[in-house]
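Here the structure comes first, spelled out in structure tokens, and everything after it is commentary.
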Amino acid sequence: MQEPLSRRRFVSLGLNSPWVLRNTGKMALFGLMGGAVWPLSSAFGQSVHGYHHLRAQDIRILQRLLPVAVGWQRSAQKGEGPDLELVIRGLDEMFLVLSEQHRNDLFFLFDLLTFPVSRKILGLWKDWDAATDQELETMLHAWSESSLELKRYAYQSLVLLLQFAWYSTEKGAQLTGYPGPPAAIRPFLRAEGEL
Amino acid sequence: MQWDDPFRQGKNLASWSLIDGADLSEDITLEADVVIVGSGAGGGVAAEILSRSGRKVILIEEGSLKSSGDFRLKEAQAYLDLYQEGMTRSTQDGAICILQGRTVGGSTTVNWTSSFRTPRETLGYWGSEWGLEGCGVEEMAPWFAKMEQRLSIEPWLSPNSNNQVLDRGCEALGWAHAPIPRNVKGCWNLGACGLGCPTNAKQSMLVTTIPAALDRGARLLHRVRVQELIIRKERVIGLVADMIDRLGRVRPFRVTIHAQQCILSAGAIGSPAVLLRSEGIPDPYRLIGTRTFLHPSVFGFAEFAEPIEGYQGAPQSSYSDHFQWRDGVEGPMGFKLEATPMHPVFASVIMRGHGLTHWQRMQNLPHMAGTLALLRDGFHPESTGGRVSLGTARQPVLDYRVGAFEMDGVRRAYLAMAEMFFAAGAQKVNLGHSDSEDYDSWAKAREAIAKFRYEPLRLRLGSAHVMGGCRMGSDPKRSVVNTKGRYHHLENLYVFDGSLFPTSVGANPQLSIYALVAKCASELAASS
Ligand SMILES: Cc1cc2nc3c(=O)[nH]c(=O)nc-3n(C[C@H](O)[C@H](O)[C@H](O)COP(=O)(O)OP(=O)(O)OC[C@H]3O[C@@H](n4cnc5c(N)ncnc54)[C@H](O)[C@@H]3O)c2cc1C
Ligand code: SF4
């Protein structure tokens, strides 16, 4: 087995992080949220067996947001839900290749979304287990529409990641009608793990 | 045979010198006549020319060595294995997503094969505004011809349905459009160019110049990331690099190279970063990393009654320059219209939005056409591009602000794409902007596009063309390297890649890089 990759202890946001932006509106928001959360975050967080990066609370957030971000739960056409575990595992793998900066930015966002004070500032009044899909949708929509660039940044980073992970799964791709690689080449493609 | 994977069945494979930084377990020191950092468009061409001239060449690449046998046409795997930061690289504020390769062959291993000569307007502007001597249309023509021949570049005359949409729309509107030349040989028309070509039809550096250089004794070090140059008394005496493990982490072992000449071909983010990390690098006018250009690109989508299947067939084979130069070289931002491949992951991330609307659009993927507009940055006084600097971990960070000037170009590009789609017979059109709904007529789309909020992070902006940052020129006060690609302030340091350009190219840049580097590398090879 590969050893787990730098599991986070202390996340340090570089000065280049979009969370530490220059203009005052953003600085204020950062101060408000970051100040409230930061000292706690390193002590907090439970690692989960089999995941390199994501902690229990990160996984919970992603599991709740995934169907809302990709739009799954609203679709009447299919009965079953997405295989959340498969998608979130794929996401955990993705964290391997993200730049350290990007990784830290996302962890910071997960922390903001975990702690009640900052979570409320970001528009979610209930706990992740109690919130309805509709409430999560309202939050994402508000981020997307926000006049604060920072919230739109949060929107983009999370939604992109979730869509990337979902459409990377065979099921996600198939449901769009994508037939997979052209038939002519299939016999020549190596199977997973084959050298 | 074309089908053979040169890195698995190549006839000279046994004699090639390949070193994987993930395998070694001690520091190593190597010597060469020339060390080249980065194995993409610039590095590949330079390696072939210089090894043919009899020089001992070492080519260093931070990505891993993956070849046709590894390309399984699975999107996530390709993006995570072959792209910088798993395709999640972006500008500092997150507003522009940046696609670059990080593998042997660099971005040429994953690019979409469109091969344009540098437009004459651009070459003219570089000459008159930036003092680029020796790079006029006439002077460059033989270099373009040479590289077209080397890489089998020919117009592609069987466009897929997605490209036919662009042709049809432009034709109906009387906009000039033409087939795109591609660097392919025996192409299977699979459409997987962005995932690594499984048939070796794409004439990327991976299957052309790099094998040729290896045949001539060049050594290829992969999973080795150059940290900095070693500079002593106006000369680069070598460089230091880190070995990288299979998960992309820095290992505790280093590579030191001593060489007579050092060439940076690490791409327009990587090359400035190596320079900025190098202690004692003379940069009296603080120009390294400035004027970085992106061809910021925006996206439009259209649903058709008939299947389009934008994931099948050569991704780009038609283009229109109708809007590129008509307002003047230095006027409002011009743009080039081209198709975009529509594989599920890629399509999902270039469409902005989430939830039900996004889902419904995605469920219609087989009937969806996708187009992009490449905005030509760097020609107007307001378009000064971005700046590469170093972050806290000494990693490159690109600050690129998208302001009113660029947004005006974005708005006009959305209008053009929507008009083109309806002229081609689209039923519904949407743009990659949060304010975009699905429009069923050109009139409705036109009215809505005028009212979009043109602010960063409300729309998808992407770039697969990073250029500039070490621009060429004759005046050391305004340029980083001279017109031979040599660093103005050090006698044996060269930059041979996309960072040479003083503005964006105004066309997909690979052939511009191949030709300019072929010229500069041949001049270097001819010097004693
Ligand atoms: C998805 C995609 C599609 C594209 N489609 C087209 C197209 O159709 N037509 C076209 O003309 N252009 C296209 N391009 C752009 C074109 O491929 C690039 O502009 C061109 O390859 C850039 O050449 P380069 O030498 O500057 O850098 P690259 O080709 O990017 O090569 C740079 C290499 O240097 C390596 N490197 C960076 N830093 C270091 C370091 N410190 N140490 C060691 N190695 C390092 C990188 O890993 C990379 O492999 C596309 C690009 C992408 C990503
Ligand atoms: S379209 Fe041609 S060049 Fe592109 S991946 Fe397929 S076979 Fe290779």
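Chain letters run A, B, ... following the sequence lines, proteins first and then strands; every chain starts at 1.
No part of B:M368 comes within reach of chain A, as not one of its non-hydrogen atoms sits under 4.5 angstrom from that chain. Interface residue B:Y79: only side-chain heavy atoms are found under 4.5 Å from chain A. When heavy atoms are compared at a cutoff of 4.5 Å, B:R458 approaches chain A by way of both its backbone and its side chain. Residue B:R246: no heavy atom, backbone or side chain, is found under 4.5 Å from chain A.
Dense packing is recorded around NE2 of B:H358, with more than 12 heavy atoms of other residues, nucleotides or ligands lying under 6.0 Å away. For A:E170, the CD atom counts as loosely surrounded, since its 6.0 Å shell holds 12 or fewer non-hydrogen atoms of other residues, nucleotides or ligands.
Most heavy-atom pairs under 4.5 Å with chain B: of the set A:S146, A:G90, A:P182, this distinction falls to A:P182. The candidate with the highest count of non-hydrogen atom pairs below 4.5 Å against chain B, out of A:R186, A:E145, A:H102, is A:E145. Chain B forms more heavy-atom pairs under 4.5 Å with one residue of A:L98, A:V70, A:V159 than with any other, namely A:V70. Ranked by heavy-atom pairs under 4.5 Å with chain A, the first of B:E455, B:Q84, B:R352, B:M87 is B:R352. When each of A:S168, A:G180, A:G172 is checked for heavy-atom pairs under 4.5 Å with chain B, A:S168 comes out on top. Considering only heavy-atom pairs separated by less than 4.5 Å from chain B, the leading option among A:T169, A:L162, A:I185 is A:I185. Note on A:A184, A:S144, A:A173: by heavy-atom pairs under 4.5 Å with chain B, the leading option is A:S144.
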Determine, stepwise, if the pair B:D70 / B:F7 fulfils side-chain contact (heavy atoms from CB on, under 4.5 Å). CA-CA 10 Å; B:D70 300 303; B:F7 292 92; over 6 Å; no
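Tested against A:L54, the residues A:V48, A:I88, A:I61 include a single side chain to side chain contact (heavy atoms under 4.5 Å, CB included) partner, A:I88.
Counting heavy atoms from C-beta outward, A:W143 and A:L148 have side chains that stay 4.5 Å or more apart.
Salt-bridge check for A:E135 with A:K126: passed, with a basic side-chain N closer than 4.0 Å to an acidic carboxylate O. In summary, A:R89 and A:E93 do not engage in a salt bridge, as defined by a charged side-chain N under 4.0 Å from a carboxylate O.
Judged by distance alone, the side chain of B:H433 and the main-chain N or O of B:R453 form a donor-acceptor pair under 3.5 Å.
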